[in-house]
K.L.:
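My structure is below; once you've seen it, I'll send some questions.
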Number of protein chains: 2
Amino acid sequence: MNKKNYTSQDVAELAGVSQSTVSRVFAGNTNVSEKKRKKILDAAEKLEYQPNAHARSLITRKTMMIGIVMRNIRNPFYSAVLEIFHNRLAALGYHLIFINSENEEIQEKEITQLLEYNVEGVIITDALLSSSASQKFNRNGIVVILFNRYTEKLESSAVFCDNYLAAKQIATYLVEMGHKSFAFISGPSDTSTTIDRLKGFKEVLDDRGISNLVIEPGNYTYESGFKAAQELITRNKNIDCIFCGNDIIALGVMDAIRVIGLKIPDDISVIGFDNIRMSEWPSYSLTTWEQPLEDMVDSTVELMLKEISDKSSEPQVIMMKGHLVVRTSVRQKK
Amino acid sequence: MNKKNYTSQDVAELAGVSQSTVSRVFAGNTNVSEKKRKKILDAAEKLEYQPNAHARSLITRKTMMIGIVMRNIRNPFYSAVLEIFHNRLAALGYHLIFINSENEEIQEKEITQLLEYNVEGVIITDALLSSSASQKFNRNGIVVILFNRYTEKLESSAVFCDNYLAAKQIATYLVEMGHKSFAFISGPSDTSTTIDRLKGFKEVLDDRGISNLVIEPGNYTYESGFKAAQELITRNKNIDCIFCGNDIIALGVMDAIRVIGLKIPDDISVIGFDNIRMSEWPSYSLTTWEQPLEDMVDSTVELMLKEISDKSSEPQVIMMKGHLVVRTSVRQKK
DNA sequence: TATTTTTTTGAATACGTATTCAAAAAAATA
DNA sequence: TATTTTTTTGAATACGTATTCAAAAAAATA
């Protein structure tokens, strides 16, 4: 039943040539006469020969594999990220090893797996990378790029949105729309996204002498947004706008507000971050900040290819802009 | 910068033993004296030695890699599927090669990639598998399991919900709730899920002498549901309930209905299929059919392991039940 | 202690490919 | 046609590991 896998040796025998020549044909080497090439391809087809990628990678030292580590694949933002990364990298011949990290920080076991398989690069989204992990990858010549995150110490390259600037513009927008009383629902407090978004937001409020910002902790999920909004509203009756750490939080917030019986944006304005597809669904129509996802992925892929071909290049940070997408969840107040 | 990767040979030299013995330690072989084992582990740690998975797989003929092919990762149902499959398989030491098929049918190129990497198994969800592709996998001793799909010819194993029976129960429920005028929004018409759900639904209606079923084509996306509902309602004023091919369609349908200005369930009842997380969000509160996702994944993994260890086993079909989850999108009519 | 049995060890080899190097064949030039 | 240059080819080898087999060492038994 389980037929033997044919090898380049089998093809060579059937075609009456040496294994080297078969290998040359499949490695795309041009120095093979048309006559033999044809014979070899015929024989290969007859045997349904497939080169063995593992044997090949042993010699070439190219595995054409990239690891992608995610923590929150159920967040539609990251589903989209995964899809786009796959499409870009597959087009370049790379294969994706998908790792769903269950913990906030990428685990020893997961690192080991990626090292054993000699991935050429690792993309880490939505997860933290310890300094020691980062060094481990570096020492093994594996390129690491953080996506939508960065670390202070700059041990690996990173591609992300300028969250600080975006949050400033969001705050300015809310203030100019006439809001007086502000809340922020955060993600995990040790993520760069949360830190920068809060920083920019708070700075604008401080500049304008607004000191009543309420901060409610969340973890970038619908459920955490829902719960945070409930607490927030029952505790602080006068909140008139909520800046949500990301869109999926915002959806939970909006649902909670409505369950309580308040109206959006009449009673409370809500603003998100990411511009996931759902935010434009009429049930939500969420005003939010769009991250230029496709561009971010393109930059990440480009940077990764560059670093793979030149391992000695210094870690690099690419910061992108994005823009406000105005829908109907923020009200112009008098 | 790019330091050489150390090999078992390097470890052997540092520890003063042979390469064979180092290999034995890392292959988990017990026949190594404690003294040498310790020396080897020390040396390995000092060099940060990682066995090379590709070289290993060449000998053992086990790659510990599984391919997972998906078409619609943006559908939250499949994000969840991916997450659960990853968690189960990672716990067993398997690695996931993720492939996002852009076409309805899995492509030659994608098959080749999986063959080249000698994956031990392939899980195909939400995509079609041609007969020739199926044979190709079989001939190479690669186990294929269809998830949430099956093919008529039974060339590979399949795990799915009894869609026919579920649709019958859904139809019965709608009839008994007093509905008179029915619509079905389908997925692609060549998928087994669509075929069986429509068949079961129609059969019950036929049995009860109801012949006014309107069928609107969709493709298992929010957008297709939205559009289908718009057309349906403007064309057929009297529809009083819509059975949606899956939940994400149902969400689009609900939004479209509300945009038009009708109320759910007062004017139109909506029922879905899958029970994705969003269907319980208060904005939707969708009555739907729950697929026993965790159980389906568990069965798939179990079946896959069995077929990997016994390649000569016959293709097997596992059909699961699921159950109706009643929320508030279906009305009891008089 | 002498002998037998069991455990540990290393040399040799294989997995399936790409590449180097030298030889052979073909093509280009004189 | 004879010579030089270029192209094609195959033998040998390497990538990094696991495993077989026989020998050596250790443990158990007489």
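Each chain gets a letter, A, B and so on, in the order the sequences are listed, and its residues count up from 1. Everything numeric in this text was worked out from a predicted model, so none of it was measured.
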K.L.:
Provide, to the nearest angstrom, the distance between the CG atom belonging to B:N5 and the P atom belonging to D:dG16.
P.N.:
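It is 8 Å, rounded to the nearest whole Å.
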K.L.:
Go ahead and name the base partner of C:dA24; Watson-Crick or wobble counts if both distances stay under 3.5 Å, otherwise write none.
P.N.:
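Result: D:dT7.
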K.L.:
Classify B:Q50 by what it touches in the nucleic acid, base, sugar-phosphate, or nothing, heavy-atom distance under 4.0 Å.
P.N.:
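Sugar-phosphate, backbone atoms only, no base.
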K.L.:
At 4.0 Å (heavy atoms only), tell me whether A:V22 reaches a base, stays on the sugar-phosphate, or touches nothing.
P.N.:
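It contacts nothing in the nucleic acid.
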K.L.:
Among C:dG10, C:dA18, D:dT17, which is the nearest nucleotide to the side chain of B:T7?
P.N.:
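Output: D:dT17.
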K.L.:
State which of D:dT17, D:dC15, D:dT8 makes the closest approach to the side chain of B:A55.
P.N.:
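The closest nucleotide is D:dT17.
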K.L.:
Could you tell me whether A:K46 and A:D42 have a side-chain N and a carboxylate O separated by less than 4.0 Å?
P.N.:
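Salt bridge flag = no for A:D42 with A:K46.
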K.L.:
Choose from D:dT9, D:dG16, D:dA12 the nucleotide whose nearest atom is closest to any side-chain atom of B:L58.
P.N.:
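The listed nucleotide nearest to B:L58's side chain is D:dG16.
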K.L.:
Among B:V81, B:D126, B:T193, whose side chain to side chain contact (heavy atoms under 4.5 Å, CB included) with B:N148 holds?
P.N.:
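Exactly one candidate clears the test, B:T193.
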K.L.:
Among A:L303, A:V297, A:D298, which residue meets the side chain to side chain contact (heavy atoms under 4.5 Å, CB included) test with A:V301?
P.N.:
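Option passing the side chain to side chain contact (heavy atoms under 4.5 Å, CB included) with A:V301: A:V297.
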K.L.:
For a quick test of reading the model: is some side-chain N or O of B:S8 closer than 4.0 Å to OP1 or OP2 of D:dT17?
P.N.:
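Looking at the OP1 and OP2 atoms of D:dT17, one of them is under 4.0 Å from a side-chain N or O of B:S8.
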K.L.:
Could you give the CZ-to-P distance, from A:R37 to D:dT9, as a whole number of Å?
P.N.:
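Between P of D:dT9 and CZ of A:R37: 10 Å.
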K.L.:
Return the nearest nucleotide to the side chain of B:I59; candidates are C:dG10, C:dA12, D:dG16.
P.N.:
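Looking only at side-chain atoms, B:I59 lies closest to D:dG16.
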K.L.:
Before giving the answer on side-chain contact (heavy atoms from CB on, under 4.5 Å), spell out for A:R37 and A:R24 the whole-Å C-alpha distance, their side-chain angles and the decisive distance to 0.1 Å.
P.N.:
CA-CA 9 Å; A:R37 178 188 301 277; A:R24 270 188 271 261; over 6 Å; no
K.L.:
CD of B:E34 versus P of D:dA27: gap in Å, rounded?
P.N.:
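So the CD-P distance, B:E34 to D:dA27, works out to 13 Å.
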K.L.:
How long is the line joining CD of A:Q9 and P of C:dC15, in whole Å?
P.N.:
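So the CD-P distance, A:Q9 to C:dC15, works out to 10 Å.
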K.L.:
Among the nucleotides D:dT9, D:dA18, C:dT17, which one has an atom lying closest to any side-chain atom of B:R56?
P.N.:
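Output: D:dA18.
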K.L.:
Looking only at side-chain N and O atoms, does B:S20 come under 4.0 Å of OP1 or OP2 in C:dT9?
P.N.:
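No, no such contact exists.
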K.L.:
Quick check: any donor-acceptor pair below 3.5 Å linking the side-chain of A:Q19 to the base of D:dA11?
P.N.:
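No, the side chain and the base share no sub-3.5 Å donor-acceptor pair.
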K.L.:
Rounded to whole angstroms, how far apart are CG on A:N118 and C1' on C:dT17?
P.N.:
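Atom CG in A:N118 sits about 16 Å away from atom C1' in C:dT17.
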K.L.:
Now, which nucleotide makes the Watson-Crick or G-U wobble pair with C:dT17, with each of the two distances under 3.5 Å?
P.N.:
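Check on C:dT17: paired to D:dA14, both distances under 3.5 Å.
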K.L.:
Which part of the nucleic acid, if any, lies within reach of A:S23 when heavy atoms closer than 4.0 Å are counted: base, sugar-phosphate only, or nothing?
P.N.:
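A:S23: base contact, heavy atoms under 4.0 Å.
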K.L.:
Specify the separation, in whole Å, of atom CZ of B:F26 and atom P of D:dT17.
P.N.:
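That distance rounds to 9 Å.
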K.L.:
Classify A:T60 by what it touches in the nucleic acid, base, sugar-phosphate, or nothing, heavy-atom distance under 4.0 Å.
P.N.:
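Sugar-phosphate: the residue A:T60, judged by heavy atoms under 4.0 Å, touches backbone atoms but no base.
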K.L.:
Just do the side-chain contact (heavy atoms from CB on, under 4.5 Å) check on B:Y117 and A:M64 with the steps written out, would you?
P.N.:
CA-CA 10 Å; B:Y117 278 88; A:M64 295 308 279; 3.6 Å; yes
K.L.:
A:N52 CG to D:dC15 P: how many Å, rounded?
P.N.:
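Rounded to the whole Å, the gap is 18 Å.
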K.L.:
Please confirm whether any donor atom in the side chain of A:R61 sits under 3.5 Å from an acceptor in the base of D:dG16, or the reverse.
P.N.:
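Donor-acceptor pair under 3.5 Å: no.
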K.L.:
May I ask which nucleotide in the shown strands pairs with D:dT1, Watson-Crick or G-U wobble, both distances under 3.5 Å?
P.N.:
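Checking every strand shown, D:dT1 finds its partner in C:dA30, with both distances under 3.5 Å.
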K.L.:
Should the ring pair B:F98 and A:F98 be called parallel, tilted or perpendicular, given that the plane angle runs from 0 to 90° and is split at 30 and 60?
P.N.:
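Rings of B:F98 and A:F98: tilted, 30 to 60°.
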K.L.:
Nearest-Å distance, CD1 (B:I40) to C1' (D:dA18)?
P.N.:
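For the pair B:I40 CD1 and D:dA18 C1', the rounded distance is 14 Å.
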